[in-house]
Enquirer: 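Before we start, here is the structure in question, set down as structure tokens.
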Amino acid sequence: SNHAVRSLSQEDKVQVLKLLEMQRNGMLMYTSCGWFFEDISGIESVQVMRYACRAMQLAREVAGADPEPEFIHILEKAPGTMLEQGNGAQVYKNFVRTAVVDLSRVGFHYALSSLVAGSPETIRIRNYTLRNEAFEKAESGDLRLALGKVFLHSETTLEEHTLMFAVLHLGSHNFMGGAREYVDEKIYGTMREELMDVFSTGDIPLMILYLERHYGSHSSTLRDLFRDGQLKVLYAIFDSTLADMESAF
């Protein structure tokens, strides 16, 4: 019951809510219209596989169990009728895994959007509420850099995290950067100092090296933004180009 959940510690409460969310997605993945399909790449089948993907993501977080490799192996046996989409495993990797929402992706979405449109104090992305903790931006010609910290609260599982982030805009549609768990002010200060110092010299290869050093597997590009964020960023990038073209014509 809600009363029983409220009486738990915050850590236990998060675990219980993750289990309930895993169960909910485990039920949703059996939605019948998703499995009576004409082609496994259809929107219904992709959606139920996304429910399954979310359930497995939570299983990894709660129990350390990872049934996904076996799940993908089984999907290899599901042929598609559209040759360009491939079998079920290929559909899963191309249309399901790419939709996974995790902390680093939410943090990067916030960071890149802030670089282009400014940093709001509070914003909602999917089931997360984000609050700006620190934000700095530097510009030099076509180069732009944004870095900072953001606090995340999950409306679904009540998880709370603080992430540090950095995003570099190399011009046009070329972005790179990442978001990862904030550990302490010393690590954040080192990241900030290194990136700001290198940015002031315009040494792009070294800047990329530092980004990879600090964010590694948590690094991302424009492709990792959620679809609405991709559109906003692309419109912002092309606005000035379109204005020049309209003026010329």
Side-chain angles (χ1 to χ4, degrees), residues 5 8-82 85-110 124-130 152-163 178-181 215-221 223-230:
V5 170
L8 297 172
S9 68
Q10 178 65 18
E11 184 178 346
D12 288 342
K13 196 181 298 183
V14 167
Q15 291 296 92
V16 168
L17 290 172
K18 281 186 175 182
L19 286 168
L20 292 173
E21 179 71 0
M22 181 172 67
Q23 183 183 44
R24 187 177 78 89
N25 280 274
M27 294 172 67
L28 288 170
M29 73 184 185
Y30 290 111
T31 306
S32 59
C33 63
W35 297 111
F36 290 91
F37 54 81
E38 183 179 358
D39 182 81
I40 197 166
S41 65
I43 57 173
E44 299 90 352
S45 301
V46 168
Q47 183 58 54
V48 294
M49 284 191 282
R50 286 177 177 172
Y51 291 136
C53 182
R54 175 60 175 160
M56 291 185 288
Q57 180 188 14
L58 290 164
R60 286 192 295 272
E61 294 178 9
V62 173
D66 189 8
E68 190 176 56
E70 180 62 20
F71 184 77
I72 293 174
H73 178 66
I74 293 171
L75 286 174
E76 289 175 353
K77 302 174 184 178
T81 56
M82 298 176 66
Q85 303 295 1
N87 60 33
Q90 291 168 299
V91 171
Y92 183 83
K93 292 174 182 177
N94 292 332
F95 300 105
V96 178
R97 290 293 302 275
T98 54
V100 170
V101 177
D102 58 20
L103 289 176
S104 61
R105 188 176 183 189
V106 174
F108 181 74
H109 181 101
Y110 172 85
R124 186 178 174 87
I125 300 175
R126 300 299 174 95
N127 63 312
Y128 289 94
T129 299
L130 291 82
L152 287 79
H153 171 79
S154 170
E155 305 292 342
T156 306
T157 63
L158 302 185
E159 291 177 277
E160 294 183 341
H161 299 272
T162 299
L163 303 182
R180 53 177 285 200
E181 194 85 23
Y215 294 99
S217 60
H218 300 281
S219 60
S220 307
T221 66
R223 289 181 180 274
D224 295 294
L225 253 65
F226 302 121
R227 184 58 55 87
D228 58 337
Q230 289 179 351

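FYI, side chains are in, hydrogens and waters are out, and symmetry mates aren't considered; it's all heavy atoms of this structure.
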Enquirer: Which of these, Val106, Thr156, Thr157, sits in a side-chain contact (heavy atoms from CB on, under 4.5 Å) with Asn127?
Expert: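 Among Val106, Thr156, Thr157, the one that satisfies the side-chain contact (heavy atoms from CB on, under 4.5 Å) with Asn127 is Thr156.
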Enquirer: Step by step, work out the side-chain contact (heavy atoms from CB on, under 4.5 Å) result for Phe108 and Leu163.
Expert: CA-CA 9 Å; Phe108 181 74; Leu163 303 182; over 6 Å; no
Enquirer: Side chains of Glu160 and Ser154 only: does a donor on one sit below 3.5 Å from an acceptor on the other?
Expert: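 There is no such pair between these side chains.
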Enquirer: Which pair of heavy atoms, one from Ala55 and one from Gly26, lies closest together, and at what distance?
Expert: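 Closest pair (atom of Ala55, atom of Gly26, distance): CB-N, 4.1 Å.
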Enquirer: Between Arg97 and Glu68, is there a salt bridge with N-O shorter than 4.0 Å?
Expert: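 So Glu68 pairs with Arg97 through a salt bridge.
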Enquirer: Hey, what do you get for CG (Leu20) to CG (Leu58), rounding to the nearest 0.5 Å?
Expert: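 One finds 10.5 Å between CG of Leu20 and CG of Leu58.
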Enquirer: Rounded at 0.5 Å granularity, tell me how far NZ in Lys13 sits from CG in Leu17.
Expert: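 Nearest 0.5 Å value for the NZ-CG distance: 8.0 Å.
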Enquirer: Step by step, would you call Arg50 with Val100 a side-chain contact (heavy atoms from CB on, under 4.5 Å)?
Expert: CA-CA 8 Å; Arg50 286 177 177 172; Val100 170; over 6 Å; no
Enquirer: Mind checking whether Arg124 and Leu130 have side chains closer than 4.5 Å, heavy atoms only?
Expert: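 No; the side chains remain at least 4.5 Å from each other.
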Enquirer: List the steps, then state whether side-chain contact (heavy atoms from CB on, under 4.5 Å) holds for Leu28 with Val48.
Expert: CA-CA 7 Å; Leu28 288 170; Val48 294; over 6 Å; no
Enquirer: Does a donor on one side chain sit under 3.5 Å from an acceptor on the other, for Gln57 and Arg60?
Expert: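 There is no such pair between these side chains.
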Enquirer: Looking at every heavy atom in both Ser104 and Ala179, which two are closest together, and how far apart are they?
Expert: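 That would be CB-O, 3.4 Å.
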Enquirer: Where is the tightest heavy-atom contact between Thr129 and Glu155, given as atom of each residue plus distance?
Expert: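 Between these two residues, the closest heavy atoms are OG1-OE2, 2.7 Å.
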Enquirer: How far apart are the C-alpha atoms of Asn87 and Leu75, what are their side-chain angles, what is the distance that settles it, and do they pass the side-chain contact (heavy atoms from CB on, under 4.5 Å) test?
Expert: CA-CA 7 Å; Asn87 60 33; Leu75 286 174; over 6 Å; no
Enquirer: Examine distances only and state if a side-chain atom of Ser45 and a backbone atom of Gly34 form a donor-acceptor pair shorter than 3.5 Å.
Expert: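 Checked: pair present.
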Enquirer: Under a 4.0 Å N-O cut-off, is there an ion pair linking Glu21 with Arg24?
Expert: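 A salt bridge is present here (some side-chain N lies under 4.0 Å from a carboxylate O).
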Enquirer: Please examine the side chains of Met29 and Met49, heavy atoms only from C-beta on, and report whether any two atoms are closer than 4.5 Å.
Expert: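 They are not in contact (no side-chain heavy atoms under 4.5 Å apart), so the answer is no.
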Enquirer: Say you draw a straight line from CE of Met56 to CE of Met22; how long is it, rounded to the nearest 0.5 Å?
Expert: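 Going from the CE atom of Met56 to the CE atom of Met22 covers 12.0 Å.
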Enquirer: What's the verdict on ring pair (Phe, Tyr, Trp, His ring centres under 6.0 Å) for Phe71 and Tyr92, showing C-alpha distance, side-chain angles and the deciding distance?
Expert: CA-CA 10 Å; Phe71 184 77; Tyr92 183 83; 5.5 Å; yes
Enquirer: Can you measure from CD (Glu61) to CG (Leu19) and round to the nearest 0.5 angstrom?
Expert: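 Here the interatomic distance stands at 11.0 Å.
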Enquirer: For Ser41, what residues pass the side-chain hydrogen bond (donor to acceptor under 3.5 Å, both in side chains) criterion, not counting sequence neighbours?
Expert: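 If we apply the side-chain hydrogen bond (donor to acceptor under 3.5 Å, both in side chains) test to Ser41, skipping adjacent residues, the hits are Asp39.
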Enquirer: Taking all atoms of both residues into account, what is the closest heavy-atom pair of Arg105 and Thr98, and its distance?
Expert: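 Where Arg105 meets Thr98 most closely, the heavy atoms are NH1-O, 2.8 Å.
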Enquirer: Locate the shortest heavy-atom distance separating Tyr51 from Thr31; write the atom from each residue and the value.
Expert: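 What the structure gives for the nearest pair is CE1-OG1, 4.5 Å.
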Enquirer: Quick check for you: to the nearest 0.5 Å, what is the distance between His161 atom NE2 and Arg180 atom CZ?
Expert: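 Reported value, rounded in 0.5 Å steps: 14.5 Å.
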Enquirer: Grab the two heavy atoms, one from Ile40 and one from Gly80, that are nearest each other, plus how far apart they are.
Expert: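 Ile40 and Gly80 have their closest heavy atoms at CG2-CA, 4.3 Å.
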